[in-house]
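Only one structure is covered here, and it is reproduced in the block below.
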Amino acid sequence: MHGLGHLSHPAAAAAMNMPSGLPHPGLVAAAAHHGAAAAAAAAAAGQVAAASAAAAVVGAAGLASICDSDTDPRELEAFAERFKQRRIKLGVTQADVGSALANLKIPGVGSLSQSTICRFESLTLSHNNMIALKPILQAWLEEAEGAQREKMNKPELFNGGEKKRKRTSIAAPEKRSLEAYFAVQPRPSSEKIAAIAEKLDLKKNVVRVWFCNQRQKQKRMKFSATY
DNA sequence: ATGCATGAGTA
DNA sequence: ACTCATGCATA
């Protein structure tokens, strides 16, 4: 219901889909989308992209490593932990941080959900996503600690007769089967998906999305070796 | 904290 | 039809 402008940026757009499989990309790719939150990621991605571009210029052809501390997994991990620690010290919840980001008047930066803050702290986001969010959360942390006496508010009360989204739950047996299929073929064809769906008596779309989410999981910082 | 889902951007 | 960032709903 609330509208924060959308942004379009060639830099981020040009590096959207990563060439999975080849020598790991030290590039920054991030996408913008979703309402207000979209703008946030967009801005962050833009900044990082610019920085990477500058550093990339050095490596002519053969080299492709970015020794930037901001992209170093260890640095991110350390920051995430420090962040959580200090956040708790401030007596602020993950949800609070998320909404407070909007009050931080960074151009194009809106609010984020409790889910995203949680995932940032637990490193269960993609490496690129972590890099994009770090500067934003760091800015919030500094401001929050600086004005530790201020008050925070988030009077967002709006309601109507909106239909609640239902979360379909896949039973354990079916889930095990899916995992088995995934181990053999992480990217089944549409036909294969249809077959699996029928066999497990699940909607084809549910199966398709399950595979998509499973692939994303593998790319999360915490479990991916492809930093 | 995490499962299933959406939507923009890309190919 | 996929990837990727992100979120609602829920355990």
Side-chain angles (χ1 to χ4, degrees), chain A residues 1-2 4-22 25 27-46 48-49 80 84 88 93-95 97-99 101-102 108-134 136-137 156 158-159 162-172 174-176 178-179 182 185-194 197 200 202-224 226:
Chain A
M1 305 292 200
H2 30 313
L4 289 183
H6 259 188
L7 317 196
S8 283
H9 29 23
M16 291 242 66
N17 289 1
M18 293 160 64
S20 53
L22 297 176
L27 300 175
V28 177
H33 80 307
H34 261 30
V48 179
K84 181 172 186 177
I88 293 175
T93 68
Q94 297 171 329
V97 175
S99 49
L101 293 179
V109 176
S111 60
L112 285 176
S113 66
Q114 171 266 325
S115 302
T116 300
I117 303 303
C118 172
R119 285 168 173 152
F120 179 86
E121 293 183 345
S122 61
L123 306 174
T124 46
L125 286 176
S126 69
H127 184 207
N128 287 335
N129 202 171
M130 290 292 291
I131 291 175
L133 261 32
K134 185 190 173 191
I136 295 173
L137 295 180
E156 279 194 289
F158 32 60
N159 260 313
E162 309 287 326
K163 33 211 159 182
K164 306 291 183 179
R165 181 210 286 179
K166 253 335 183 185
R167 182 173 141 185
T168 58
S169 184
I170 300 175
E174 287 65 40
K175 209 169 286 184
R176 274 183 255 112
L178 288 171
E179 283 163 358
F182 188 84
Q185 178 55 230
R187 312 190 49 167
S189 65
S190 186
E191 289 69 42
K192 215 64 179 175
I193 290 178
L200 301 181
L202 292 171
K203 290 183 188 176
K204 181 181 177 181
N205 198 55
V206 169
V207 175
R208 185 181 60 71
V209 171
W210 186 87
F211 273 91
C212 284
N213 284 321
Q214 206 59 29
R215 278 178 233 123
Q216 266 200 296
K217 267 190 181 179
Q218 290 196 314
K219 295 181 177 178
R220 284 175 182 173
M221 245 195 106
K222 242 189 159 182
F223 311 108
S224 176
T226 320

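Quick caveat, the model's predicted, so the values are computed rather than measured. Naming convention: chains lettered A, B, ... in sequence-line order (proteins, then strands); numbering from 1 in each chain.
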Could you tell me how far apart [X] ([atom1]) and [N] ([atom2]) are, to the nearest whole angstrom?
X: A/N213; N: C/dC2; atom1: CG; atom2: C1'; answer: 12 Å
X: A/Q114; N: B/dT2; atom1: CD; atom2: C1'; answer: 10 Å
X: A/N205; N: C/dA1; atom1: CG; atom2: P; answer: 11 Å
X: A/Q94; N: B/dT2; atom1: CD; atom2: P; answer: 11 Å
X: A/Q214; N: C/dC4; atom1: CD; atom2: P; answer: 15 Å
X: A/L123; N: B/dA1; atom1: CG; atom2: P; answer: 11 Å
X: A/N128; N: C/dA5; atom1: CG; atom2: C1'; answer: 11 Å
X: A/R220; N: C/dT3; atom1: CZ; atom2: C1'; answer: 14 Å

Could you tell me whether the phosphate oxygens of [N], OP1 or OP2, come under 4.0 Å of any side-chain nitrogen or oxygen in [X]?
X: A/N129; N: C/dC4; result: no
X: A/K217; N: B/dG3; result: yes
X: A/R165; N: C/dT10; result: no
X: A/K164; N: C/dC8; result: no
X: A/T116; N: C/dG7; result: yes
X: A/K175; N: B/dC4; result: yes
X: A/K166; N: C/dT10; result: yes

Check every atom of [options] against the side chain of [X] and return the nucleotide holding the closest atom.
X: A/V209; options: B/dT2, B/dC4, C/dG7; result: B/dC4
X: A/V206; options: B/dA5, B/dT2, C/dT6; result: B/dA5
X: A/L112; options: C/dG7, B/dT2, B/dG3; result: C/dG7
X: A/Q216; options: B/dA1, C/dA5, C/dG7; result: C/dA5

Should the side chain of [X] and the base of [N] be counted as holding a donor-acceptor pair, with the cut-off at 3.5 Å?
X: A/R119; N: C/dG7; answer: yes
X: A/S115; N: C/dC8; answer: yes
X: A/R167; N: B/dC4; answer: no

**Request:** Name the nucleic acid region contacted by A/S126, choosing base, sugar-phosphate or nothing; use a 4.0 angstrom heavy-atom cut-off, strictly under.
**Result:** sugar-phosphate

**Message:** Within the 4.0 Å heavy-atom criterion, would you say A/T124 contacts the bases, only the backbone, or no part of the nucleic acid?
**Reply:** nothing

**Item:** Partner set under salt bridge (Lys or Arg N to Asp or Glu O under 4.0 Å) for A/E121, not counting sequence neighbours
**Value:** A/R87

**Asked** Rounded to the nearest 0.5 Å, how far does CE of A/M221 lie from CD1 of A/I131?
**Response** 8.0 Å

**Prompt:** From A/R167 CZ over to A/R165 CZ, what is the distance, rounded to the nearest 0.5 angstrom?
**Reply:** 10.0 Å

**Prompt:** Do A/R187 and A/F182 touch side chain to side chain, with heavy atoms closer than 4.5 Å?
**Reply:** no

**Asked** How far apart are the closest heavy atoms of A/E179 and A/W210, and which atoms are they?
**Response** N-CH2, 3.6 Å

**Prompt:** Which pair of non-hydrogen atoms, one from A/K222 and one from A/S122, has the smallest distance, and what is that distance?
**Reply:** CD-O, 3.3 Å

